[in-house]
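Order of appearance sets the numbers: ligands from 1, and atoms from 1 within every ligand.
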Amino acid sequence: MRLRLERALLPDGIQREVAVELGADGRFSRVGKADGSERPLRGLALPGMPNLHSHAFQRAMAGSAEVASGAEHSFWGWREVMYRFVERLSPADLTAIAAFAYLEMLESGYTAVAEFHYLHHSPSGAPYAPPTALAEAVRAGARLAGIRHLLLPTLYQQGNFRGEALLGAQRRFANDTAAFLDLYRSLAASATGLESTGVALHSLRAVPRTALEAVAAATRADAGRCPVHIHVAEQAREVRDCQEWSGRRPVEYLLDTGLVTERWCLVHATHVTPAELNGIAHSGAVAGLCATTEGNLGDGRFPLDEYLAAGGRFGVGSDSHVSLDPREELRSLEYTLRSWRERRVIAIDARLPNCGSFLYGAAVAGGAQALGEASAGIVAGAVADFIVIDTDRAEFAGVAEAALVDAWIFAPRPGGLREAWVGGEAVVSGGQHRAREAIAAAYRATVTRLVAGAAP
Ligand code: NGQ
Ligand code: ZN
């Protein structure tokens with residue numbers, strides 16, 4: 001199919017009358033100048049945003065942990081609430097919740113997601129038969145929603161840096177290294193269509209050095225095909241614990257292993273020294289920034305300006321899904337810097353003075369890398385994942401062409417997203433997902449039952 005995009009954000013900025021050819025493989029086979037024979041698409045086309053960090057099940061508890069309670073009012077208290085929620089989830093529940101979260105992502109402009117999946121076993125800790133049941137359940141949610149999906153089965157082996165035992169809900173997360181690699185291999189073998197597979201190491205807290213090395217080694221042969229993601233240095237307490245245990249800070253420790261390369265995504269990396277920032281930038285890895293969740297959990301703030309100056313790559317993730325809107329992630333990254341530095345328009349580069357366009361393009365590129373894609377954006381060879389913004393709406397009146405992406409990110413544009421295409425197919429049209437009714441009904445029934453089951 002050939003489309004004529006009225007306007008499109010290409011690597012060198014917004015262009016008019018762009019022809020794109022959608023190949024049978026779901027990628028752009030050609031991007032060039034339109035000649036008028038193509039099917040016209042009004043509005044502004046942007047590359048779809050990859051969401052590089054999701055725990056799909058947490059969608060169903062977003063907003064329900066904002067109450068003063070007996071629990072400690074910190075990240076660690078929130079984690080206890082999350083653990084209680086996790087105890088009740090079945091594979092069917094996970095499919096329904098994930099499908100809805102992914103639908104909301106598509107309606108907001110995320111077209112691909114990396115699912116950091118650590119919930120593996122039944123509530124007793126015994127594996128399901130087959131042991132891939134929960135992972136396949138989350139993937140089934142992705143298939144219902146039609147989102148591009150990188151599944152990252154996640155290794156989790158201990159309670160903290162010194163090999164502490166797993167307690168309570170954490171037993172659902174546990175695998176020894178051999179069982180974990182089996183899990184990864186079966187999931188890699190069963191991936192079809194929009195699906196791919198990588199690995200995640202939950203954190204340095206949860207994965208000992210030997211297992212870290214074993215997983216990196218076992219998956220190295222699939223290099224580009226097998227992204228490796230890890231949570232790191234999110235909380236100040238985690239940094240202190242790591243220093244007491246190893247004499248090093250978490251990012252410093254991870255970089256010193258010599259394992260970190262371009263196929264890695266360091267999620268959060270909130271608490272970093274200038275030397276650590278440089279180290280991440282030079283490794284070629286992507287920093288996975290989840291600004292709305294990090295703000296919600298009181299993690300701290302990532303020095304994105306210094307990181308960009310060092311040449312660092314980043315992408316964005318919705319993580320706990322307190323927001324499912326990529327614009328809000330970008331805005332929140334930039335506003336954190338503005339409040340901190342008491343300045344404006346900070347994330348830009350010499351070629352792109354428009355803050356919104358710069359942030360958007362950089363996060364698309366970093367996100368695509370973290371999802372294992374060799375190229376990104378509306379370019380030949382990249383996945384044909386894009387969104388179309390309805391610039392005919394009154395909300396866009398008077399906006400200069402070069403500022404359209406800025407206006408998309410930094411001003412209210414409710415309902416502006418008209419279409420989302422994944423792999424060359426429209427999954428959102430007229431602002432609504434093609435299967436919204438069925439997916440929303442299943443989500444409503446599932447969450448209502450889960451909440452009723454939790455009542456005393
Ligand atoms: C997670 N979430 O794995 O869902 C974590 C909390 C932990 C975030 N870090 C659990 N945002 O880190 O131990
Ligand atoms: Zn996470």
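Heavy-atom contacts of Leu297 reach the following atoms of ligand 1: 11 (N) (cutoff under 4.0 Å). Remark: ligand 1 atoms within the under-4.0 Å shell around heavy atoms of His268 are 9 (N), 11 (N). Residue contact check: His55 has heavy atoms under 4.0 Å from atoms 1 (C), 3 (O), 4 (O) of ligand 1. In summary, the atoms of ligand 1 found under 4.0 Å from a heavy atom of Gln58, numbered by their order in the structure, are 4 (O).
Of the residues listed (Ile346, Val345, Val405), the one engaging Cys355 in a side-chain contact (heavy atoms from CB on, under 4.5 Å) is Val345, and it is the only one.
Aromatic rings of Tyr307 and Phe302 (six-membered ring for Trp) have centroids within the 6.0 Å cut-off, being under it. Remark: aromatic rings of His229 and His231 are distant, center separation not under 6.0 Å. Ring centroid separation for the pair His117 and His120 comes in under the 6.0 Å cut-off.
Atom 10 (C) of ligand 1 has Arg79 CD, 3.5 Å as its closest protein atom, hydrogens excluded (heavy atom only).
The backbone N or O of Arg249 sits nowhere less than 3.5 Å from a side-chain atom of Gln243 that would complete a donor-acceptor pair. Formation of a donor-acceptor pair under 3.5 Å by the Asp299 side chain with backbone atoms of Gln235 is not found in this model.
The shortest N or O to N or O distance between Arg205 and ligand 1 is under 3.5 Å.
Counting heavy atoms under 4.0 Å from ligand 1, residue Trp76 does not touch it at all.
Scanning His231, Glu234, His202, His53 for the heavy atom closest to atom 9 (N) of ligand 1 points to Glu234.
For the Zn ion (ligand 2), the set of protein N/O/S atoms nearer than 2.8 Å consists of His53 NE2, His55 NE2, His231 NE2, ordered by chain and number.
Within the structure, salt bridge (charged side-chain N to carboxylate O under 4.0 Å, His left out) contacts touching residues 58-68 (residues at least two apart or in different chains) are Arg59-Glu104.
Taking 4.0 Å as the cut-off, Glu294 does not count as a neighbour of ligand 1 on heavy-atom distance. The shortest separation from a heavy atom of Phe75 to ligand 1 is under 4.0 Å, placing the residue in contact.
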